[in-house]
Amino acid sequence: MVEQVDVALPSLNPFWARTLRVALLAVSDLFGLLLAGFLAYLLWAKPVRGQSADLYLGLAPLFALFLAGYLAADLYPGLGLGPVETLRRSSYVTGFGFLVLSSITFAVKLPQLYSRMTFGIGLLLGLILVPACRALMLRAVSGRSWWREPVVVIGARPLVARTILSLEEAEQRDYRPVAVIDPGWSEPAGSKPGRIENVEIMGGLEAASELARQGVQVAILANETLPAEATLDVLQKHFYRVVTFREYEHLPVEGAQLRNLGGVLTIEYTSSLLRPHNRFAKRLLDLVASSLGLILAAPVVLLAAVLVRLVSRGWPLFSQERSGLGGRTFGVLKIRTMQVDAERLLEEHLAGHPEQQREWNRSFKLRDDPRLVPLVGRLLRRFSLDELPQLFNVWKGDMSLVGPRPFPGYHLSSFAPDFLELRQRMRPGITGLWQVMVRSEGSVEEQQSFDTYYLRNWSVWLDLYILGRTLGAVLRGKGAY
């Protein structure tokens, strides 16, 4: 007999919470599309073609095709996809949607009315604004309890605890554990199951029907082996989604594919770095972006160099020898943000401040760094403007826009040998995953963990995601010192 206990569901009815989630996602996507179209009209159709806004407003109902495409791509509600896969699916649908939109206007003999350049600009802006609007909306609501889908976690207690912690620490917090089921639970007289990570244990599998009745539709099965057929039967009888949670240390997860080999479930991992066309795509992205970036950054670099020279003696630009692809050394370019005698200043400062010596040992960074040149150094560091000359390193082929950072030798010596070998498989980057996730607050262990994830899960989509996150982190001046 299952005691009927209400689980900690959000105050909003689960059905209406799911409906509101889908509606907010759709509104944010539609807003991004409309904003892209509006800006494309202002940038080209109005000033160049002299066209009326009413002409393009007539196409607004066709934006429903985009929403239908996002729905078909499982972006509503998009549970458990992760930010990189969400970006990939959203971009494909947006691109295909603009292709269909253009085809419709041509099919009905209206090419003389609509500007293809306007559609092209709208596409480029849509690829940026749709994910950006969704990201802003998620940032606003993802901390709300009603936003996260309530789930029951099922399995042995140690695995359940790790699963709950993983769900709580996930970057895209889609699921909220509200109850635990222990399949091995048998109820001794006068005892209560207790709690795991502050989530109540409801009992054994017999509690599934009560949880489903209260509105829980997702079950997460934490198991080191495949679940028994009887267990799956019970779960699929009561829950709309059954998700298997398994820990795979250091195995790639982005882009992993399920395969059916004669009725046997297999998981296929792809080493993207070994595919020549992937390397070509990454290099092409680096060349195009660094070429444009050098043109745009030139005035900023010149101004920064002048400011550094005004407040500090010595040449404002400098080069440091770093290890790159295959262990080959090269000179990484930077705007000088430190005093000329920086090493002596650091040694003297750390000798007199033991607590900052511990901070240095943890991350090779100091929040209050005595080596920085007055005023200008901290400003350039805060917004990462001192890194702009490295666009030339990217253009030359010594570096990439995204990759493991080209650390100095004393920093690299703190890493494990196998990780150092892994790092050398890719060009070092101006930005990287650990920088956008933890920035300078990250320890050496966190840097190694995030870089390992990046190198094993690399894709162009992951690079684009990191570049987007980098822009947000730089504009906020988050964690850079």
Side-chain angles (χ1 to χ4, degrees), residues 80-88 162-163 165-172 245-257 267-275 278-279 281-283 285-286 322-328 332 361-365 387 390 394 398-470 473 479-480:
L81 291 180
V84 177
E85 179 63 15
T86 298
L87 174 63
R88 186 183 72 86
R162 293 202 294 272
T163 302
L165 289 175
S166 295
L167 295 176
E168 293 296 334
E169 295 170 358
E171 180 185 0
Q172 199 159 304
F245 181 93
R246 296 285 300 278
E247 292 180 311
Y248 293 102
E249 286 288 334
H250 302 306
L251 284 178
V253 293
E254 299 285 355
Q257 299 287 328
I267 303 176
E268 177 184 299
Y269 303 100
T270 302
S271 182
S272 296
L273 285 173
L274 296 181
R275 292 185 170 184
N278 283 338
R279 286 184 174 272
K282 184 173 177 63
R283 182 62 188 140
L285 175 63
D286 287 340
R322 300 290 170 88
S323 177
L325 180 66
R328 181 177 61 86
V332 62
N361 293 339
R362 177 176 177 270
S363 61
F364 297 105
K365 300 280 186 179
E387 312 283 357
Q390 292 169 32
V394 175
D398 294 327
M399 293 178 63
S400 177
L401 291 174
V402 184
R405 283 294 293 154
F407 291 129
Y410 62 81
H411 198 147
L412 293 177
S413 64
S414 65
F415 293 133
D418 56 343
F419 173 65
L420 291 176
E421 190 277 330
L422 180 63
R423 279 175 56 95
Q424 293 178 1
R425 299 179 194 176
M426 181 180 285
R427 292 181 179 90
I430 294 180
T431 185
L433 184 61
W434 76 268
Q435 289 175 285
V436 300
M437 299 302 292
V438 295
R439 294 287 275 169
S440 293
E441 296 97 335
S443 64
V444 170
E445 291 75 17
E446 286 176 313
Q447 293 168 10
Q448 181 167 322
S449 175
F450 281 114
D451 277 348
T452 298
Y453 180 92
Y454 171 77
L455 290 163
R456 296 194 185 281
N457 290 274
W458 173 81
S459 69
V460 172
W461 296 106
L462 181 55
D463 275 4
L464 293 174
Y465 169 74
I466 292 173
L467 288 172
R469 287 288 301 265
T470 299

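Keep in mind that the numbers below use all heavy atoms, side chains included, and drop hydrogens, waters and symmetry copies. Note that this is a predicted model, so its numbers are computed, not measured.
Using modelled atom types, no side-chain atom of S449 and backbone atom of E445 make a donor-acceptor pair closer than 3.5 Å. N278 contributes a side-chain N or O that, together with a main-chain N or O of S272, makes up a donor-acceptor pair within less than 3.5 Å. Side-chain N or O atoms of R322 include none that pairs as donor or acceptor with a backbone N or O of V332 at under 3.5 Å.
Taken from CG in L401 to OG1 in T431, the straight-line distance is 9.5 Å, to the nearest 0.5 Å. From R405, atom CZ reaches atom CG of L412 across 11.5 Å, with rounding to the nearest 0.5 Å. Atom OH of Y465 is separated from atom CG of L87 by 9.5 Å, given to the nearest 0.5 angstrom. Here CG of L467 is found 6.5 Å from CG of L285. Values are rounded to the nearest 0.5 Å. For the atom pair Q435 CD and I430 CD1, the distance stands at 10.0 Å (nearest 0.5 Å). Taken from CD in Q447 to OG in S414, the straight-line distance is 7.5 Å, to the nearest 0.5 Å.
Using modelled atom types and a 3.5 Å distance limit, the side chains of D463 and Y454 yield a donor-acceptor pair.
Of all non-hydrogen atoms in P404 and D451, the two that sit nearest each other are CB-OD2, 3.8 Å. Shortest non-hydrogen contact noted between G429 and P406 is O-CD, 3.5 Å. Closest heavy-atom contact between F450 and L433: O-CD2, 3.6 Å. Smallest separation of non-hydrogen atoms from V460 and A281: CG2-CB, 4.0 Å. Heavy-atom minimum distance, M426 versus G403: SD-CA, 4.3 Å. In terms of heavy-atom proximity, G82 sits nearest to T86 at O-OG1, 2.8 Å.
For the pair V436/W434, no side-chain contact is recorded, criterion being any heavy-atom separation below 4.5 Å from C-beta on. In this structure, S400 and K282 have side chains that are in contact, with non-hydrogen atoms separated by less than 4.5 Å. R456 places a side-chain heavy atom less than 4.5 Å from the side chain of L422.
In this structure R275 satisfies the salt bridge (charged side-chain N to carboxylate O under 4.0 Å, His left out) test with no other residue, sequence neighbours excluded. Qualifying side chain to side chain donor-acceptor pair (under 3.5 Å) partners for E168, counting only residues two or more places apart in sequence or in other chains: R148, R173. Residues satisfying the salt bridge (charged side-chain N to carboxylate O under 4.0 Å, His left out) test with E254, not counting sequence neighbours, are none.
Between R328 and D398 there is a salt bridge, with a side-chain nitrogen of the basic residue lying less than 4.0 Å from a carboxylate oxygen of the acidic one.
The aromatic rings of H411 and F407 sit parallel to each other, their planes meeting at less than 30°, with 60° as the upper class boundary.
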